[in-house]
**Q** 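Before I ask anything, let me first share the structure, which is written out below as structure tokens.
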Protein chains: 2
Amino acid sequence: MEQRHADRIAEQLEELVFDGTFSDGDRLDEVRLSELFGVSRTPLREAIQRLAQSGLVELIPRRGAFVRQPGPVELIEMFEVMAELEAACGRLAAMRIADTALEALREANTRCQRAVEAGDTDSYYAENERFHKIIYRSSGNAFLEQEATKLHKRLKPFRRVQLRFRGRMGQSMAEHEAIVAALADADADAAATALRTHVAVQGEKFHNLMASLRSAAE
Amino acid sequence: MEQRHADRIAEQLEELVFDGTFSDGDRLDEVRLSELFGVSRTPLREAIQRLAQSGLVELIPRRGAFVRQPGPVELIEMFEVMAELEAACGRLAAMRIADTALEALREANTRCQRAVEAGDTDSYYAENERFHKIIYRSSGNAFLEQEATKLHKRLKPFRRVQLRFRGRMGQSMAEHEAIVAALADADADAAATALRTHVAVQGEKFHNLMASLRSAAE
DNA sequence: CCTGTAATTCTTGTATACAAAACTATTGAC
DNA sequence: GTCAATAGTTTTGTATACAAGAATTACAGG
């Protein structure tokens with residue numbers, strides 16, 4: 001099944017930005033990349049337009065496309081939004097989640113637990129992701145699911161770092177239990193709170209300080 | 001100051017989609033539009049790529065770009081996400097809002113009130129927008145502010161309809177008062193709840209029904 | 001040796017040309 | 001009259017060509 005070159009290139013470029021092949025501030029040279037992908041500049045530029053729209057690269061007129069990796073502050077902000085989006089998913093899912101989904105959640109959780117006991121971090125990440133994806137889906141809001149998935153993907157490269165910050169995986173598992181319990185009880189506020197704190201990073205006080213300085217400076 | 005054609009065209013195309021010049025399902029004819037804008041197909045296609053990324057048009061390979069106006073269900077979903085984003089802004093703003101911003105909020109509110117009394121709906125919409133923008137900004141989270149602003153803009157064409165659904169503007173004003181009070185009290189939960197209900201549309205029960213049907217069908 | 005400027009080279013932005021797929025319409029069979 | 005096949009047209013997707021701004025280098029002056 002033939003795919004448009006521009007589509008394929010957009011995906012591959014995105015991958016190259018995510019996996020750190022390009023560092024922050026690197027310019028995406030059109031001729032170099034077109035040779036790399038074996039196409040002309042035209043489909044490559046169309047792909048770049050899309051990356052620009054999703055914020056992965058910055059387009060400076062007559063200068064080129066520069067990759068825009070989030071700095072520490074922006075990263076904290078993005079995690080904060082992720083926490084709120086997951087909280088929203090939890091709030092809605094508490095009212096709408098199906099029994100089958102609840103069961104799937106429990107299963108993912110036990111597999112998560114097993115991965116922790118086996119020390120299998122790769123498997124843990126996979127099951128953890130499945131756990132959260134089920135909650136996105138169970139919000140019963142396809143648009144929210146899409147937005148949450150998009151940001152989740154964007155933050156993927158930084159999630160391991162976040163986990164190291166937060167300490168051990170054990171605490172994360174306990175929070176999963178609390179989340180499932182809240183959803184089973186149809187307790188919207190509890191589910192939202194549990195998910196928010198689950199995703200939130202430690203550096204919140206630091207961020208509060210930064211933010212207050214920023215608004216005071218205006 | 002010369003701007004890139006692609007940028008200018010992306011904005012104008014977006015406008016044409018928003019203001020209803022193109023209906024749902026319309027194909028964006030490249031040659032027709034390139035003649036309309038007085039450019040070649042190249043910059044026009046680049047603009048279309050961006051619209052596709054933001055979801056305004058759907059790109060079907062070898063078929064073209066079709067405008068994708070949200071249907072009733074998707075619209076309800078988007079308003080629901082808007083409500084959650086505003087709630088998140090309120091939650092964070094309750095902790096971080098500056099006194100000057102709080103004052104600006106009160107001023108916007110009084111101007112809102114005046115517009116209601118004068119029956120000046122245009123002015124009301126302008127001040128209402130200012131009110132909400134201040135809250136986005138006061139979240140102290142530039143990324144959240146950006147996301148909220150983006151969705152706010154996307155929903156703009158449908159906001160008047162929503163307001164008609166909800167009844168009079170008076171109730172909206174009362175909710176504004178409650179929001180300001182919660183922010184002044186630094187009551188995060190109250191601010192979040194007030195903003196969520198303020199934005200939420202009536203059709204929530206209807207949506208709950210639809211969503212439960214959707215998840216049950218899987 | 002440093003600095004400002006002009007010429008050169010590179011790169012982006014746009015237009016045009018070409019190939020292939022999809023749509024349309026005509027023609028022919030039944 | 002309806003349907004199918006096919007020729008012709010349209011439209012998308014990609015490559016190439018060209019124009020103009022930006023970066024770089026060479027060079028003259030101090």
Side-chain angles (χ1 to χ4, degrees), chain A residues 1-70, chain B residues 1-70:
Chain A
M1 172 137 175
E2 267 307 331
Q3 198 182 205
R4 285 171 65 230
H5 288 170
D7 291 355
R8 180 174 55 82
I9 289 165
E11 284 177 27
Q12 294 190 28
L13 260 185
E14 198 176 83
E15 200 56 41
L16 288 179
V17 173
F18 277 148
D19 72 10
T21 304
F22 295 108
S23 309
D24 186 64
D26 283 0
R27 186 174 63 88
L28 298 183
D29 190 303
E30 296 179 1
V31 293
R32 212 176 68 78
L33 288 173
S34 65
E35 287 168 5
L36 173 65
F37 290 118
V39 297
S40 81
R41 282 174 53 218
T42 310
L44 197 121
R45 281 178 59 89
E46 292 190 358
I48 287 178
Q49 296 293 324
R50 284 202 255 178
L51 296 204
Q53 186 65 23
S54 40
L56 270 71
V57 303
E58 187 181 3
L59 243 47
I60 301 180
R62 287 283 176 196
R63 285 277 175 68
F66 297 84
V67 317
R68 190 102 180 83
Q69 295 283 20
Chain B
M1 172 140 173
E2 268 306 330
Q3 198 183 205
R4 285 172 65 230
H5 287 170
D7 291 355
R8 180 174 56 83
I9 289 164
E11 284 177 27
Q12 294 190 28
L13 260 184
E14 200 177 83
E15 200 56 40
L16 289 178
V17 173
F18 278 148
D19 73 9
T21 304
F22 295 107
S23 309
D24 186 65
D26 283 0
R27 187 174 63 89
L28 298 183
D29 191 303
E30 295 179 2
V31 293
R32 211 176 68 78
L33 289 173
S34 64
E35 285 168 6
L36 173 64
F37 289 118
V39 297
S40 80
R41 284 174 53 219
T42 310
L44 197 121
R45 281 178 60 89
E46 293 190 357
I48 287 179
Q49 295 294 324
R50 285 202 252 175
L51 296 203
Q53 186 65 25
S54 40
L56 271 70
V57 304
E58 187 182 4
L59 242 48
I60 301 180
R62 287 285 177 193
R63 286 278 172 68
F66 298 84
V67 317
R68 189 103 181 82
Q69 294 284 20

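Model, not experiment: these values are computed from the prediction. Atoms considered below: every heavy atom in the structure, side chains included; atoms not considered: hydrogens, waters and symmetry mates. Order of the sequence lines fixes the chain letters, A, B, ..., with proteins taken first and strands second; residue numbering starts at 1 for each chain.
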**Q** Separation of B/Glu30 atom CD from C/dA21 atom C1', in whole Å?
**A** 14 Å
**Q** Determine the contact category for B/Ile9: base if any of its heavy atoms lies under 4.0 Å from a base atom, sugar-phosphate if only primed atoms, P, OP1 or OP2 are that close, otherwise nothing.
**A** nothing
**Q** Does OP1 or OP2 of D/dT12 have a side-chain N or O of B/Arg63 closer than 4.0 Å?
**A** no
**Q** Provide, to the nearest angstrom, the distance between the CZ atom belonging to B/Arg50 and the P atom belonging to C/dG13.
**A**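 Checked: the CZ to P distance equals 10 Å.
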**Q** Of the non-hydrogen atoms in B/Ile9 and B/Pro43, which two are nearest, and what is the gap between them?
**A** CD1-CB, 4.5 Å
**Q** Whole Å only: how far is the CD atom of A/Glu46 from the P atom of C/dT12?
**A**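 These atoms are roughly 16 Å apart.
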**Q** Which is more 5' along DNA chain D, the nucleotide nearest B/Thr42 or the one nearest B/Arg62? Just name the residue.
**A**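 It is B/Arg62 whose nearest nucleotide is closer to the 5' end.
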**Q** For B/Arg4 and C/dT12, what is the distance between atoms CZ and C1' respectively, to the nearest whole Å?
**A**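 So the CZ-C1' distance, B/Arg4 to C/dT12, works out to 9 Å.
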**Q** Output the rounded distance in Å from CD1 (A/Ile60) to P (D/dG21).
**A** 18 Å
**Q** Output yes when a side-chain donor or acceptor of B/Gln69 lies under 3.5 Å from a complementary backbone atom of B/Val17, and no otherwise.
**A** yes
**Q** In whole angstrom, what separates A/Leu44's CG from D/dT16's P?
**A** 14 Å
**Q** Can you check whether any acceptor in the base of C/dG13 is under 3.5 Å from a donor in the side chain of A/Arg41, or vice versa?
**A**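 Checked by distance alone, the answer is yes.
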**Q** Output the rounded distance in Å from CD1 (A/Ile48) to C1' (C/dG13).
**A**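 For the pair A/Ile48 CD1 and C/dG13 C1', the rounded distance is 12 Å.
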**Q** Under 4.0 Å: is that the gap between some side-chain N or O of A/Arg32 and OP1 or OP2 of C/dT11?
**A**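 For C/dT11, neither OP1 nor OP2 has a side-chain N or O of A/Arg32 closer than 4.0 Å.
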**Q** I'd like to check B/Asp7 versus B/Arg50 (side-chain heavy atoms, cut-off strictly below 4.5 Å). Are they in contact?
**A**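 Yes, side chains in contact.
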**Q** Quick one: B/Arg45 CZ to D/dT12 C1', roughly how many Å, whole number?
**A**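 Distance, rounded to whole Å: 6 Å.
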**Q** Passes side-chain contact (heavy atoms from CB on, under 4.5 Å), B/Arg8 versus B/Val39? Steps please.
**A** CA-CA 11 Å; B/Arg8 180 174 56 83; B/Val39 297; 4.0 Å; yes
